[in-house]
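Beneath this line is the structure, given in structure tokens, with notes to follow.
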Amino acid sequence: MLDRTQAPPIYQIDRLRLPQPLLHHLDNGIPVYDTRINTQDVLKIEFVFQAGRPQETKKLVARATAGLLKDGAGALDGAAIAEALDFYGSTLNIPSNMDSVNILFYCLTKHLPAVLPVLAEIILSPTFPQHELDTYILRNQQNLKIDLSKPDVLAYRNITEIIFGESHPYGYNSFPEHYAALKREDLLEHHQKWYHAGNCKMFICGKTDANTLELLNKYFGNMPVTAAPAPPFISAVPEAKQVKLHLPHQDAIQTAVYIGRRMFSRNHPDFSGMYVLNTILGGYFGSRLMANIREEKGYTYNIMSMLDNMQSDGIFYVGTEVGNEFTQRTIEEIYKEMTLLQKEPVEAEELDMVRNYLMGGFLTMIDGPFNVSEVVRTLITESLPLDFFEHWVSAVANVTPDELQALAQKYLDPADMCEVAVGG
Amino acid sequence: MINFSRFELANGLRVLVHEDDSTPMAAVNVLYDVGARDELPDKTGFAHLFEHLMFGGSLNVPDFDDPIQLAGGENNAFTNNDMTNFYDTLPAQNIETAFWLESDRMLSLNFSRKVLNVQRKVVVEEFKETCLNEPYGDMMHLLSDLIYKQHPYRWPTIGLETSHIEGATMKDVRQFFFKYYRPNNAILVVTGNVKTEDIRLLAEKWFGDIPRGEVPPRQLPAEPEQTEFRQFTKEANVPVDSIYLAFRMAARSDPDFYVADLLSDILCTGPSSRLFRHLLKERQLFSSIDCYVSSYLDPGFFLIEGKPAAGVSLETATAAIWEELEKLKRELIEATELQKIKNKAESNLIFSEMSALNKAINLAFFELLGDADLINKESEIYQKISAEDLQRVANQLFRLENCSQLNYVARPAVSPSDN
């Protein structure tokens with residue numbers, strides 16, 4: 001007879017090693033990190049230029065330059081570029097990023113020779129047509145208007161601005177007038193200054209081979225080195241201030257609550273410990289905040305805490321949306337959970353669960369070419385050695401309850417937190 | 001190509017296994033053939049609330065999440081009109097933990113009053129977060145009500161109103177569980193670094209002794225043919241105007257579903273698609289525009305949604321969409337454009353086969369549809385579609401009397417809020 005009260009045995013994950021990428025260099029010196037895992041006939045190429053907010057001379061120039069690359073390049077107009085990329089079923093994705101411009105390109109390997117010339121034009125010779133910039137501005141102003149009607153967006157914008165200050169690259173928010181002030185010359189200059197071989201890294205993965213490298217060299221190996229790479233960004237932040245901001249929002253029946261503080265980049269010695277501590281507090285479904293505020297009290301559908309790491313800085317925050325009547329009690333409970341982590345060491349049972357959960361997460365990070373390449377890109381662009389991954393795993397495996405308590409005392413003091421609530 | 005084995009236990013549980021040794025992980029997916037369409041009109045949102053209760057502990061396991069996390073895994077679920085789907089991903093060597101947990105909650109829940117009380121509140125907060133506190137959040141409520149008059153698709157999965165969720169009783173919960181959460185009403189799919197023979201043994205061990213149930217045959221009212229244009233306009237505190245055009249279309253199992261899917265690619269998928277290129281980029285009539293086809297098991301709808309650019313009236317924006325639709329009805333599409341959307345379809349299918357979890361969810365869905373092997377036939381189905389097929393289906397769909405239109409008109413702001 002099956003005893004259903006007995007859990008099946010759990011086996012530890014015995015080996016967590018990051019598959020090492022091959023490292024090639026194009027003729028002009030661009031490093032190409034190649035994660036060659038052939039599971040499907042697919043390919044992803046990621047270009048990283050150190051051309052983000054720290055390199056801007058004017059607000060939003062980095063985002064607009066990246067956003068308009070595909071709207072005109074060489075002799076091609078936006079329509080011709082779109083047609084060429086779509087015809088071969090390829091996808092070009094340029095996510096918004098603080099520190100760098102990341103150009104993600106996906107296609108079936110067999111189509112690479114046909115689409116690569118177009119991709120090269122987009123990256124090397126964008127024309128930034130004036131009429132495309134005009135519509136880009138109008139469209140983004142309209143979309144911004146929609147975003148600004150959402151309490152959670154407003155709360156996030158405010159907390160990052162409070163933490164870093166409104167003129168800091170990581171802290172400033174977009175406003176309609178920033179879009180309106182963008183000039184075509186700004187974009188040309190930003191591209192000319194930062195999109196060059198000396199400021200570029202490439203990450204490729206999937207079904208790659210010598211032919212892939214030859215093609216990349218043919219189209220990108222001639223890209224000139226026009227200047228030095230962008231100098232490392234030193235994040236200067238004004239004196240910490242503990243702001244508590246409560247903004248009313250028209251018709252809101254829920255309140256978005258964000259509580260957070262400045263933290264650090266992945267290079268900081270406390271990073272791995274905080275990674276575990278954040279998970280315990282609000283980083284997974286079984287976290288203390290979820291257990292208390294959702295599963296015990298039913299105040300919210302979702303509550304989480306995050307460690308956002310930029311290249312040169314970072315933030316920690318707790319975020320949730322709760323019924324207006326629960327706002328005050330939720331804020332109190334969030335602080336209570338922080339204080340509890342400061343006062344009492346985490347029990348072995350809970351720490352074991354979090355550790356195992358994170359080990360499963362590490363295993364997912366190295367599952368398949370796309371995930372591996374993403375880890376490689378994160379480490380390289382954040383100036384971390386490739387064996388950082390193994391050190392990170394072992395730090396998570398070995399962190400003790402005492403060390404976690406000391407970290408909570410250092411970083412999770414309610415008196416150090418900023419607080420934003422937007423709602424009714 | 002996704003190779004899989006399929007077998008059935010004596011209690012009617014269908015089991016599908018796909019071996020993939022390129023990943024160290026495994027995915028376990030349990031689909032129950034029950035969704036919002038099976039609810040009573042005065043107890044809507046129940047299937048989704050029930051999904052939440054499935055995490056509140058079962059007969060022999062007080063908590064679902066802790067053991068999965070201890071095994072290095074993650075789990076979640078979703079509910080839609082047609083089904084309720086639960087999934088776990090974990091390191092392959094710990095797959096038995098998922099069998100233990102999934103089988104125990106199929107055997108019986110613990111029917112805890114406290115869990116029901118808390119999850120009612122959680123779902124009400126979810127309702128507020130996604131439908132009431134979000135601009136355009138009641139779109140599915142308004143649209144479903146416009147398109148469907150008889151069929152239960154007329155209410156959205158989250159439920160018609162929060163009072164239906166608040167009114168759910170423990171009696172409702174017990175009845176629903178023993179009516180629908182039975183092995184003969186479920187599909188178990190396992191993918192990843194596993195061996196079929198091991199899975200067969202595990203399935204027998206953990207699910208074999210769960211009794212089958214009497215699942216009532218589904219008798220849903222068919223939605224009568226739409227014969228008149230329907231329109232509803234809501235003035236609301238939304239930041240900008242918005243329009244939605246919904247056209248009734250075929251069910252997921254109908255061959256014309258695939259044709260409609262390609263029509264949506266022609267119109268809105270990718271930067272060279274017609275509505276994006278012509279209406280947003282060239283004529284600058286919209287700040288965003290998109291299309292979807294529903295994957296409903298009963299006849300669904302083709303949706304076009306757009307936000308007119310500042311200063312563009314709803315009438316102008318709507319007329320521009322119709323011009324493009326009329327063109328699709330009138331003119332055969334050119335060979336290169338047809339080739340383009342087929343290349344896109346091929347690419348999408350290959351990229352969708354990269355994750356073990358995706359494959360598990362898709363296999364379960366196609367088995368529910370009646371034939372898991374469809375997963376390997378879709379590519380060919382798309383490749384065989386002709387320009388004439390596209391024109392024929394465009395003429396069927398894009399008729400005014402087959403259209404339901406929802407408009408939001410932005411109310412002028414009373415007090416402009418800053419930041």
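Letters go in sequence order (proteins before strands), and every chain restarts at 1.
If you measure heavy-atom distances from B:Pro135 to chain A, the contacts under 4.5 Å come from the side chain alone. Interface remark: A:Lys297 contributes backbone atoms only to the contact with chain B (heavy atom separation under 4.5 Å). Looking at A:Glu321, the atoms closer than 4.5 Å to chain B (heavy atoms on both sides) sit in the backbone and in the side chain alike. Proximity to chain A (any heavy atom under 4.5 Å) is shown, for B:Asn75, by neither the backbone nor the side chain. Contact annotation for A:Glu350: neither backbone nor side-chain heavy atoms come within less than 4.5 Å of a heavy atom of chain B. Within the 4.5 angstrom heavy-atom criterion, no atom of A:Asp147 approaches chain B. Heavy-atom distances place no part of A:Lys44 under 4.5 Å from chain B, backbone and side chain included.
When all heavy atoms of B:Ser272 and A:Asp86 are compared, the closest pair comes out as OG-OD2, 2.6 Å. Closest of all the heavy-atom pairs between B:Glu125 and A:Gly298 is CG-O, 3.9 Å. When all heavy atoms of B:Ser287 and A:Arg139 are compared, the pair lying nearest together is O-CG, 3.2 Å. In terms of heavy atoms, A:Asp367 sits closest to B:Ser22 at OD1-O, 4.4 Å. The two residues A:Ser90 and B:Lys344 make their nearest non-hydrogen contact at O-NZ, 3.4 Å. For the residue pair B:Asn133 and A:Asp251, the shortest heavy atom distance occurs at OD1-O, 4.3 Å.
In this model, no donor atom of one side chain and acceptor atom of the other lie less than 3.5 Å apart for B:Gln93 and A:Gln12. At a cut-off of 3.5 Å, with distance as the only test, a side-chain donor of B:Glu74 or A:Tyr357 sits close to an acceptor on the other residue. No side-chain donor-acceptor contact under 3.5 Å links A:Arg4 and B:Ser58.
In terms of heavy-atom pairs under 4.5 angstrom with chain B, the leader among A:Arg355, A:Glu349, A:Glu296, A:Gln6 is A:Glu296. Contact count against chain A (heavy-atom pairs under 4.5 Å) is highest for B:Lys281 among B:Gln339, B:Lys281, B:Glu134, B:Lys205. When each of B:Ser103, B:Ser288, B:Pro67 is scored by its heavy-atom pairs under 4.5 Å with chain A, the top score falls to B:Ser103. Heavy-atom pairs under 4.5 Å with chain A peak, among B:Trp100, B:Phe286, B:Phe55, at B:Trp100. Ranked by heavy-atom pairs under 4.5 Å with chain A, the first of B:Leu90, B:Asp209, B:Val61, B:Ile341 is B:Asp209.
Salt-bridge check for A:Glu83 with B:Arg277: failed, with every basic side-chain N at 4.0 Å or more from each acidic carboxylate O.
Test B:Glu126, B:Lys128, B:Glu129 against A:Tyr301 for side chain to side chain donor-acceptor pair (under 3.5 Å) and you get one pass: B:Glu126.
When side chains are defined from C-beta on, B:Val122 does not count as touching A:Thr300, because their heavy atoms never get closer than 4.5 Å.
Taking the six-membered ring where tryptophan is involved, the planes of B:Phe351 and A:Tyr106 are perpendicular, since the angle between them exceeds 60° and thus also 30°.
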